[in-house]
Q: 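After the structure tokens below, expect a handful of questions from me.
Order of listing sets the numbers, starting from 1, for every ligand and every atom in it. Only a predicted model underlies this, so the values are computations on that prediction, with no experimental measurement involved.
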Amino acid sequence: MECNTEDISTKFKNGEFTFTVIGLGRIGLPTASIIANKGAKVYGYDININAIEKLKAGISVIDEPGLDPIVKNVVSKNLLIPTNDPKEAISNSDIIIVCLPTPVTLDKIPDYSAIIECFNNISKYIKKGSLIIIESTISPGTVENLIIPLIEKNSNLKVIRDFGIASCPERANPGEIVTKFNEIPRIIGGIDSKSTKIVANIYKNIVDSNLILVSNPKTANAVKLTENIFRDVNIALINELAILFEKLEIDIFEIINAAKTKWNFVPHYPGAGVGGPCLPSNPYYLIQEAIKVDYVPHIIRFAREINDRMPHHLIELVMKSLNIIGKSVKSSKISVLGLSYKPNIADYQLSPAFPFVHELRKLGPIVQIYDPYFKGKSINDLYIENDLESTLTNADCLVFITDHDLFKKLDFNYILKFTNKPLIIVDGRNTFDIKSIPKNIIYRSIGRLLINNS
Ligand code: SAJ
């Protein structure tokens, strides 16, 4: 494929490029739909036949604001072609974008099985002159040492000579993937300068944001991991400081609000834990590579331990608060508000709600959970109540795991109509204004002073 800007823009605008986006999940489906919506022909390839059938009917299988109308439009115009046939997709495509999940196992080892299975299946169909773009989050070196050898082994192709490849790690914010698709700068690292330039020229036609070109795929992957590890480590730092300042009876939010007046203080906030598809798992990609070169990244590992320990800290706050009114956890009803890992989205991936509820249940209380995004659903081993009022009824303690807007708007007098009094509130996300806590409530938030209005 030629790499000069004009050629690529002309070909893109004339619809001369055919894309395949592999993996129609939270990143892949918006990516495929938005590219198709710009007039390119896009195969959306996924092994999930059920999802493909729904997409063929124009039904979006991903809950992402703004996505539905785009999917309906591009499928109805046959610009996005959902398929589970790799030959149909890959053998007709010039550009292949990989958006496959790369979770970590329970042993915290990156799991590349989806990527390995994919390239074992599709490589024989890759056309000479194709360009492969890896948007999945992977360890530095995975393109160079796993993906390229897989393609060459399963095809008669040779990298650079016959196909280009680059990493362009996704940096989307779940809940804003479509609305901010155009804005997020992209990091592009190709196996050679031609791959980097061609991919940059292609993304120039897809997004309006800055394109940051780096030396190679492993550097691009290292950038993605560095930015997420930076966030995870800083959250761990503020979590650790919050626990310390609780004991010193100093308000962490007063500290943060004052400290952020300093130009180089990047505010992060203490919470019930770190969930989501990115932060809890990304550090392990780099830890795995470090171990291969006999280096132990202490801060990165300890940050993970601190963040994973926050649900336990919430348990401690629950126990101490109930003891103030002479109640034991075992003899109480404790209602958990929030399953999603962050507010106002329906996504519970690695949510701290799971470890919190599992540890709480061992202490013997009645436990109910409510999340407006999962009403009446069974999620793994948790049942999410159908309505808030029954969850509040006769509760001795409310624990907020997610600061959904719906919870922020709750009126305390409304809450107290259903719960026992005095009511304990343990707030894992600083959902409420501590100056607004009324009589009959004992309130604890992470890193903040005890409010005892019992
Ligand atoms: N959290 C805290 N304290 C904080 C910030 C977050 O406890 O100060 C918790 C959240 O409650 C959540 C978890 O950490 O449980 C992750 O929060 P997040 O805002 O990072 O949520 P994500 O994973 O949806 O963030 C994604 C990430 N994007 C990618 O990995 C590509 C993240 O790097 C981005 O910063 C974020 O989107 C964004 O805001 O764009």
Side-chain angles (χ1 to χ4, degrees), residues 25-28 30-31 62-65 99 101-104 134-138 167-187 209 220-243 252-253 255-257 259-260 265-286 303-304 306-311 313-314 337-356 371 400-404 407 427-431 445-447:
R26 186 177 280 288
I27 299 296
T31 301
I62 295 294
D63 170 31
E64 188 63 38
C99 300
T102 52
V104 289
I134 311 294
E135 287 209 2
S136 302
T137 303
I138 52 180
S167 271
C168 180
E170 62 87 7
R171 304 164 96 195
N173 179 21
E176 299 178 323
I177 295 174
V178 173
T179 51
K180 295 205 173 168
F181 188 88
N182 260 339
E183 298 170 27
I184 296 179
R186 299 288 181 132
I187 310 292
S209 57
N221 294 311
V223 169
K224 162 68 185 278
L225 295 178
T226 298
E227 56 201 25
N228 276 358
I229 290 169
F230 175 89
R231 187 165 173 80
D232 194 51
V233 167
N234 278 280
I235 294 170
L237 173 62
I238 210 71
N239 278 334
E240 181 162 72
L241 290 171
I243 293 172
I252 188 75
F253 281 83
I255 293 169
I256 294 166
N257 289 334
K260 70 185 183 185
F265 178 83
V266 180
H268 291 75
Y269 298 92
V274 172
C278 309
L279 268 60
S281 54
N282 287 185
Y284 295 107
Y285 295 93
L286 208 53
R304 286 278 72 243
I306 290 168
N307 288 336
D308 281 350
R309 198 182 169 282
M310 291 313 288
H313 181 63
L314 274 186
L337 283 309
L339 176 67
S340 291
Y341 78 89
K342 72 176 185 181
N344 309 322
I345 66 167
D347 191 333
Y348 55 81
Q349 293 180 84
L350 297 176
S351 168
F354 293 104
F356 174 76
D371 185 306
F400 287 85
I401 299 284
T402 316
D403 47 336
H404 288 310
F407 295 155
D427 185 354
R429 293 292 179 206
N430 193 49
T431 313
S445 180
I446 297 177

Q: Can Arg429 be said to sit on top of Phe253's aromatic six-ring, NZ or CZ under 6.0 Å from centre and within 45° of the ring axis?
A: no
Q: With distance as the sole test, does Asn307 use its side chain to make a donor-acceptor pair with the main-chain N or O of Asp232 at under 3.5 Å?
A: yes
Q: Under the salt bridge (Lys or Arg N to Asp or Glu O under 4.0 Å) definition, can you give me all pairs with a residue in residues 167-177, not counting sequence neighbours?
A: Glu170-Lys224, Arg171-Glu227, Glu176-Lys180
Q: Show the short N or O contacts, below 3.5 Å, that ligand 1 makes with protein N or O atoms; if there are none, say 'none'.
A:
unit_1	atom_1	unit_2	atom_2	d
ligand 1	3 (N)	Tyr269	O	2.7
ligand 1	7 (O)	Arg429	NH1	3.4
ligand 1	8 (O)	Tyr269	N	2.8
ligand 1	11 (O)	Arg429	NH1	3.3
ligand 1	11 (O)	Arg429	NH2	3.4
ligand 1	15 (O)	Gly275	N	3.0
ligand 1	15 (O)	Tyr341	O	2.7
ligand 1	19 (O)	Arg231	NH2	2.8
ligand 1	20 (O)	Arg231	NE	2.7
ligand 1	24 (O)	Tyr341	OH	2.7
ligand 1	24 (O)	Lys342	NZ	2.8
ligand 1	28 (N)	Ala172	O	3.1
ligand 1	30 (O)	Asn228	ND2	2.7
ligand 1	33 (O)	Asn228	OD1	2.4
ligand 1	37 (O)	Asn173	OD1	3.0

Q: Let me have the donor-acceptor pairs involving side chains of residues 271-280, under 3.5 Å, with sequence neighbours excluded, atom names and distances please.
A:
none

Q: Quick one: does Glu135's side chain have a donor or acceptor within less than 3.5 Å of a partner on Pro169's backbone?
A: no
Q: Quick one: salt bridge (Lys or Arg N to Asp or Glu O under 4.0 Å) partners of Asp308, sequence neighbours excluded?
A: Arg304
